[in-house]
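In what follows, a structure is listed as structure tokens, so that the remarks can point back to it.
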Amino acid sequence: MKDQLEKLRKDFLEQMASVPDKEALEAMRVAFLGKKGSLTALMKDLKDLSPEMKKEAGQTINQIKSEMESSIDKKFVDFDAVEIQRKIDCQWSDITWPSEPVQGSVHPISMVRAELEELFISMGFEIIDGPEMESEYYNFNALNIPADHPARDAQDTFWLRNGMLLRTQTSPVQIRGMQSRKPPFKFVSPGKVYRNEAVDASHEHTFHQIEGMVVDKGISVANLIYTLKKIVSNIFGHPVEIRLRPSFFPFVEPGFELDFKCQICGGKGCSVCKQTGWVEYLGCGMIHPNVLKNGGIDPEEYQGFAFGGGIERLVMMKYSIDDIRHFHGGDLRFMKQF
Ligand code: PHE
């Protein structure tokens, strides 16, 4: 029995030294310690021994058994560690690898905004940015709209607790733009604006405008009309009927409103054009002398024109979208069309 046990131990250690993987290890465990395993068989033989020898051999068998068990367990852990390390080694990163394509789609407003920027850059305009949280001064006062002016009521304002407001128009960028550059210049500034008003098919509380400004010597209404006609035909890529109506904005004089023939209904009347066949698009006019002064420009020396209009309406015309609420609706069926 003693010799058999010694041989078993030797066999076990030999096989253990060269066991290649977890499967072979499991097979070894069965072969030595399983119900029909060689050590188990020797344990069964114990009953034939004398009580004294039984005691001694029993102790040896138990010792060998626990040695085998713990060395098998340890080997399993070793195999696991090698496997984990191999997985880690596979997870290297190649930072020169091309990035994943962008998931989802570009929002139609971002698409048209990018097109507008490209168009204005091609016409020699600078693209500038302005803050969405504005002061009362830039959003109103500097634009010739004092506190008691009725024009403030036309743009229901979201006031903030810090005394600032969410800009109701992109026009404050006119003042910021003038203050930070010397004439002659021309720039546009697209961005978000906010108005605290009831939402319907053609009104949103959060929407986009693009503001434009041209300042130089000897600028007149003729320059304004010529430039806006060019811009509108470039935007649509085909001739669109427009009309210019006299209108009032405190920061321009004279002021106009530019309307398009509705591209949704072709002028017959629909919810977008409120059954009129025309879509009010741009506010525009010659920059008021007070506004030039607030921008640090001498109105005796320089003149200019400014314009500002919503981007949503343009997108709606372009893609025949009949409800402005789709833009912020978050409906994937809408988004996936672009
Ligand atoms: N800011 C005006 C609006 O939101 C539009 C405008 C811009 C009018 C520039 C004239 C000149 O309605």
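Order of appearance sets the numbers: ligands from 1, and atoms from 1 within every ligand.
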**Study point:** Inter-residue atom distance Phe32.CZ - Asp11.CG, 0.5 Å rounding
**Key:**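 It is 5.5 Å, given to the nearest 0.5 Å.
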
Point to revise | Check ion pair Glu67-Arg9 (N to O, under 4.0 angstrom) | key: yes

Review point. Does a side-chain N-to-carboxylate-O contact under 4.0 Å join Arg325 and Glu312?
Key: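 Between Glu312 and Arg325 there is no salt bridge, as every charged N stays at least 4.0 Å from the carboxylate O atoms.
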
Would you mind writing out a table of all protein N or O atoms found under 3.5 Å from any N or O atom of ligand 1, naming both atoms and giving the distance to 0.1 Å?
| unit_1 | atom_1 | unit_2 | atom_2 | d |
| --- | --- | --- | --- | --- |
| ligand 1 | 1 (N) | Gln169 | OE1 | 2.8 |
| ligand 1 | 1 (N) | Ser171 | OG | 2.8 |
| ligand 1 | 4 (O) | Arg195 | NH2 | 2.9 |
| ligand 1 | 4 (O) | Gln209 | NE2 | 2.9 |

Exercise for review: Could you tell me whether Glu118 atom CD has more than 12 heavy atoms of other residues or ligands within 6.0 Å of it?
Suggested key: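 It does not: Glu118 CD has 12 such atoms or fewer within range.
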
Point to revise | Any side-chain heavy-atom pair of Phe249 and Asn144 under 4.5 Å | key: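 The answer is no, as the side chains (C-beta and beyond) never meet within the 4.5 Å cut-off.
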
Exercise for review: Would you check if Met123 and Asn234 make a side-chain contact, meaning some heavy-atom pair closer than 4.5 Å?
Suggested key: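 When only atoms from C-beta onward are counted, Asn234 and Met123 do touch, with a gap below 4.5 Å.
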
